[in-house]
Amino acid sequence: MIWAAFLALLSHWRHRPLQLVTLIIGITLATALWSGVQAINAEARASYARAASILDQNGLPQLLPKNGDTIPMAVYAKLRRAGWSVSPVIEGDYRFGPFRVRLIGIEPLTMPIENRIFAPSDSSELVDFISKKGLLVVSPATAARLKDVAGMPLKIYEDIPDDAAFTDIGAADRLLNRKGSLSRIVMATGQRPDLPALETVAPELISQSADDRPDMARLTDSFHLNLTAFGFLAFVVGLFIVYSATGLSFQQRRATFRTLRSLGVSLQSMTAMLLVEIMLFALISGVLGVLIGYFLASALLPGVAATLRGLYGASVPGSLSFRPEWWLAGMAMALAGTALSSFQSLWRVRRMPILAAAQPRAWAGMSAITLRLQALAGAILFGISVFLAFAGSGLASGFGVLGALLLASAFLLPAFLSRSLRFAEGRSSDALAVWFWADTRLQLPGLSLALMALLLSLAVNIGVGTMVSSFRLTFLGWLDQRLVAELYVTARDEAEAARLREWLPKHSDAVLPIWSVEGNVLGDRLQIFGVADHPTYRDHWPLLNGLPDVWNRVAQGDGALVNEQLWRVKGVQPGQTISLSDGWTVTVVGIYSDYGNPKGQAIVGLDALVQHYPNLAKLRYGIRIDPALAPDLKLQILREFGLPESNVIDQASLKRQSQAVFEQTFAVTGALNVLTLAVAGFAMFASLLTLSGIRLPQLAPVWAMGVRRRDLALLEIARTLALWCATFIAAIPVGLALAWVLLAIVNVEAFGWRLPMMIFPADWLWLGAVAFVASVLSVLLPVMRLATVNPADLLRVFANER
Amino acid sequence: MTLAGATRNEMLLSLSNIVKSYQTAEGGIEILRGVDLDLAAAESVALAGESGSGKSTLLHLAGGLDRPDSGIILMNGQDVGALDDSGRARYRRREVGLVFQQFNLIPSLNVAANISFHAKLAGRFDVDWERELVDRLGLGDLLTRYPEQLSGGQQQRVAIGRTLAARPPLVLADEPTGNLDEATGDAVLDLMLSLSRSAGSALLLVTHSTRLAGKLDRKVFLRGGKIVP
């Protein structure tokens, strides 16, 4: 009995294969985009965790200096003598020729076993590692880069992240010129219980417990949240398709439900059968979705990896590994999402009286009350969004503003469209025009979800597009200001650098050293650059804010410039005094913009920097010369010093490289934008296809009164275009508000820089054209069906027994 | 070629030897087997017959909603069967008014807009005539309502108003009172007859009811696919 009833229910899909395909595609798309994004996030997070575990030993408790940025070796010795099981680490950025790597010097014999990079059996390698010649343990990619410039043997180790190198602490001390000053001390987890307290042995140190959340994971939170938001948006849009398709299938089967109930199938059994049916589809589509998500993630991951490297300096592999957690999460989302989007239809079936009318009624009737309630919810959410925008703080609040704004606009859209259509209807005098607008309003309930999806995707496209274009324009202008030297030269070692310092002034207008150190400023390790006193900086450097006489004070060594990130995140103000290293304090005299860098940075006078860090690496130089003479000078330098071409870069190439990094950074965003719009287009197509199945009774009377099928079909196209057009118009202010939130709140919170907002109407026109093509495509099949409908089908509408 | 105002003796509609069959899973079924029927201008004729005898099919053919397999349908001398899709659409718009048992009002338009819709499409909208129709049909208080807010009787009165507002030469009504109770049905039919006469329209009305058929000028039967007296 139950099996027969189940087969009877399933037989519906045999007669409506297109509807079944729509349903399957809806769940598949929703799952694919969601699980694809989750796969990328899972891969990146695993990579951060791996890197942090290896590079930072963050799985172990550590000891750090309370003040300053180094620990004297004597403090370490005191701890060892007191019985503490600890191991020293010296680390810092080191440049091997043109390549900068993070050099981590460890003491392999005392390093706790959890973080040893050699197994105890590798005794010969251990000997090489601690030998005077030294050994660099690096990833295959880093080995490929360093093989000609490292000047010491390389050992490849697969698990080490790119752009990092492990070496013996002695070698690191020598290379980084630390003179026995340690960066940190790693503690073993199982310390003896009778040890003297840290405060007694080494009061100058503080203990930091083991942390399983790497810094990089925190730093990139906003990026991954952004990706998740895109994935979730696409998921929700996909569920709109599922909602329409299941809603229609349930409506069309009302007669079957009634018959089955009359034949003795209990309400519980029927609900259970429908649930099994829908879960069966969710399961099949979920598997398909996760598979497509995997391929999507594989396609997008190289772009994401480039973005993370460009924005945060994070190293993420460009290939995807199989992770059961997101497969399972993807399947769970498919099942839960399908259940959620079918809930209303199932609920209606449960409440349907056994003798309910069998005719399919309006597909998703939306009363005026529903419309008003939606508009009210939209208004409240809009109020929340405005409140959070001006009263909230933090990244979570920024995303709260975004979420509330998008939801508010989606909820307000049907009321906006209804009012617009009513207005158009009131302004029309022609009977067919009046009917056109009134009938369009009648279709709103059935199309509102798809239109909301469309609004969201268009608004996100406009918002993110405006943000990216504003960023691009500002960034390019900023690059023009920052990259003013005609050539940038990097020496391979200090001896070569000294020769360059001798040679270059005789062959150029000016030589501008680009020297930096890593220092502890306001509790964070960040780059401190030194600048020469030269008009290049005075005339070009992009200052946002500054005290009078900025450059003279920097040149004199008592003033420092800080970047916008440090200003915003640490609240550093001009006039404030900050400490740059042990005992060196300077006054902040200006703030400069520093787009693309998520970390704080400071600039001081070159002489002052060299005075406080006499052993800093002096490898890089900017060269000022008549631009026409730059190519010749480049050739001369290459010939004179035998430098590889990558060590002498001209301004145009550097700008080109920076622009390429910028474009790559937003390539993923662009791809997700297009995908979301495509899903919204498909949602519209699914809704129109669904509606076309119940349109005949509404259109047949108009046909009977003398309007041709062809004209009706053209009016259907016009109707869809009118709705798309109105939605597009509504999406423009929403998108601009979104862009403002991204530029003024989210970017500031996430990266620490604020960009000016610029408007790009030509981009909207382009998006409008894409939306126009998508709208025509979405309506094509339903309209072709209508234009070629058999008159017998139209006549059936007038039959007395339907 | 409007025939409004024609006198009763002028021939308006002439159906000659109309044949129509339908394809079903079991094969073709010939539903009309050579129907002949004439209707004079402003004449009212009741078309009766058993269920499935082809009454609605005949009405659809006369209304230009469908084409006969063979035979000639002349409306005021013009061959309706020979018209293309656009010609038949124009014919339905200007020469015919249709009233159905299911009312088939336009759900998106309110009562006022439903009533004026066909007249405006036909280019024969007349405010005074519409006002008179609304008064006589008792729809004055319902003009801003939508079809879903009306009873069956009210909906049928709106459907009649919509048809007659266009003053079509020919009104074709397919069991317009079939969904109404006897008293309401009688009232609706009386109104329809009276208003058709005021509009100068001929009326071909399909009905099962002998009693209702008796109210019309003439009564014909469709049996075995042919008209019998």
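Residue numbers start from 1 in every chain, and the chains themselves are labelled A, B, ... in the order their sequence lines are given, proteins ahead of strands.
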### Message
Which atoms of B/Arg162 are under 4.5 Å from chain A, going by heavy atoms: the side chain, the backbone, both sets, or neither?
### Response
side chain
### Message
Please classify the contact between B/Leu65 and chain A as side chain, backbone, both or neither, with a heavy-atom cut-off of under 4.5 Å.
### Response
both
### Set of side-chain hydrogen bond (donor to acceptor under 3.5 Å, both in side chains) partners for A/Arg719, sequence neighbours left out
A/Asp439, A/Thr440, A/Glu716
### Task
Could you tell me whether A/Phe423 atom CZ has more than 12 heavy atoms of other residues or ligands within 6.0 Å of it?
no
### Query
Is the number of heavy atoms from other residues, nucleotides or ligands under 6.0 Å of B/Gln149 CD greater than 12?
yes
Atom pair [atom1]/[atom2] of [X] and [Y] - distance to nearest 0.5 Å:
X: B/Ser86; Y: A/Asp711; atom1: OG; atom2: CG; value: 7.5 Å
X: A/Arg710; Y: B/Asp85; atom1: CZ; atom2: CG; value: 8.0 Å
X: B/Leu109; Y: A/Trp435; atom1: CG; atom2: CH2; value: 9.0 Å
X: A/Met705; Y: B/Thr163; atom1: CE; atom2: OG1; value: 7.5 Å

### Interface residue of largest heavy-atom contact number with chain A, from B/Arg88, B/Arg92, B/Arg93, B/His118, under 4.5 Å
B/Arg92
### Query
Is the shortest heavy-atom distance from the side chain of A/Val702 to the side chain of B/Phe117 under 4.5 Å?
yes
### Task
State, yes or no, whether a side-chain contact exists between B/Leu105 and A/Pro701 at a heavy-atom distance under 4.5 Å.
no
### Message
Closer than 3.5 angstrom, by distance alone: can the side chain of B/Arg90 be matched with the main-chain N or O of A/Gly706 as a donor-acceptor pair?
### Response
no
### Task
Please state whether the side chain, the backbone, both or neither of A/Trp703 comes within less than 4.5 Å of a heavy atom of chain B.
both
### Query
Going by the salt bridge (charged side-chain N to carboxylate O under 4.0 Å, His left out) test, which pairs reach into residues 413-431 of chain A, not counting sequence neighbours?
A/Glu425-A/Arg441
